[in-house]
Amino acid sequence: MTKVNYRFGIVSYDVITDPNLSMNAKAVYSILSIYANKNRKCWPSIATVADTAGVSYRTVSRALRELRNKNHIKRERGLFILM
């Protein structure tokens with residue numbers, strides 16, 4: 001039997017329903033959530049997030065900036081903290 005890697009994440013209702021967030025930002029937050037541990041911390045590279053989303057590094061960078069500006073994530077010592 002082939003082993004399948006199932007990933008899931010908990011996405012904040014506040015992020016999904018925020019009318020001021022772009023769809024790219026919501027998608028990036030969702031991808032971060034599948035890498036997050038029980039403390040809502042994760043450390044995927046921007047390149048990994050971009051590959052997962054099928055978008056450019058620059059698109060992910062803009063989405064991360066948008067999420068930080070809206071206080072949906074924090075960046076601390078190379079890791080992301082989902083709020």
Side-chain angles (χ1 to χ4, degrees):
M1 187 184 300
T2 306
K3 181 181 177 190
V4 178
N5 186 9
Y6 292 104
R7 285 193 169 267
F8 64 92
I10 298 172
V11 180
S12 170
Y13 178 82
D14 291 338
V15 171
I16 294 301
T17 59
D18 187 337
N20 298 313
L21 275 183
S22 69
M23 287 303 295
N24 284 337
K26 292 175 184 186
V28 166
Y29 185 94
S30 298
I31 291 167
L32 291 176
S33 75
I34 67 172
Y35 289 101
N37 63 18
K38 65 181 180 182
N39 297 318
R40 307 290 291 157
K41 295 179 181 180
C42 60
W43 45 92
S45 68
I46 294 174
T48 297
V49 176
D51 286 345
T52 303
V55 298
S56 71
Y57 185 97
R58 188 170 163 89
T59 297
V60 173
S61 294
R62 281 193 301 264
L64 290 171
R65 187 175 331 111
E66 189 178 344
L67 289 165
R68 276 195 308 269
N69 289 343
K70 301 283 185 180
N71 295 316
H72 292 301
I73 64 169
K74 286 190 335 186
R75 188 88 191 252
E76 225 175 70
R77 291 188 300 258
L79 57 96
F80 298 99
I81 302 170
L82 305 178
M83 309 305 277

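The model shown is predicted, which means the values in this text are computed figures rather than measured ones.
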Query raised in the report: In terms of heavy-atom contacts, does CD1 of Ile10 have more than 12 from other residues, nucleotides or ligands at under 6.0 Å?
Result: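 Open: at most 12 neighbouring heavy atoms sit under 6.0 Å from CD1 of Ile10.
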Requested in this report: Might you confirm whether atom CZ of Arg58 has over 12 heavy atoms from other residues, nucleotides or ligands at distances under 6.0 Å?
Outcome: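 Not more than 12 within 6.0 Å, no.
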Query raised in the report: Considering only heavy atoms from C-beta outward, does the side chain of Asn20 approach that of Lys70 to under 4.5 Å?
Result: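 In short, these two side chains touch, coming nearer than 4.5 Å.
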Query raised in the report: Are Tyr57 and Ile73 linked, directly or through other ILVMFWY residues, by side chains that come within less than 4.5 angstrom of each other?
Result: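 Shared cluster, yes.
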Hey, could you give me the [atom1]/[atom2] distance between [X] and [Y], rounded to the nearest 0.5 Å?
X	Y	atom1	atom2	result
Ser61	Ile46	OG	CD1	4.0 Å
Ile81	Lys41	CD1	NZ	5.0 Å
Cys42	Leu79	SG	CG	7.5 Å
Met83	Arg40	CE	CZ	10.5 Å
Asp18	Leu67	CG	CG	9.0 Å
Asp14	Asn71	CG	CG	11.5 Å

Query raised in the report: Can you check side chain to side chain contact (heavy atoms under 4.5 Å, CB included) on Val11 and Tyr29, steps first, answer last?
Result: CA-CA 7 Å; Val11 180; Tyr29 185 94; 3.8 Å; yes
Just by modelled atom types, is the [Y] backbone N or O under 3.5 Å from a matching donor or acceptor in the [X] side chain?
X	Y	result
Glu66	Ser22	yes
Lys26	Ile16	yes
Arg75	Phe80	no
Thr52	Thr48	yes

Query - Residues Asn24, Arg62; criterion side chain to side chain contact (heavy atoms under 4.5 Å, CB included); working and verdict - result: CA-CA 9 Å; Asn24 284 337; Arg62 281 193 301 264; 5.9 Å; no
Query raised in the report: With no hydrogens and no angle check, do the side chains of Ser30 and Ser33 hold a donor and an acceptor under 3.5 Å apart?
Result: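 No, no side-chain donor-acceptor contact under 3.5 Å.
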Query raised in the report: Yes or no on side chain to side chain contact (heavy atoms under 4.5 Å, CB included) for Leu64 and Leu32, after CA distance, side-chain angles and deciding distance?
Result: CA-CA 10 Å; Leu64 290 171; Leu32 291 176; 3.9 Å; yes
Report task. Work out which heavy atom in Ala25 is nearest to a heavy atom in Ala63; give both atom names and the distance. Result ->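 Residues Ala25 and Ala63, closest heavy atoms: CA-CB, 3.7 Å.
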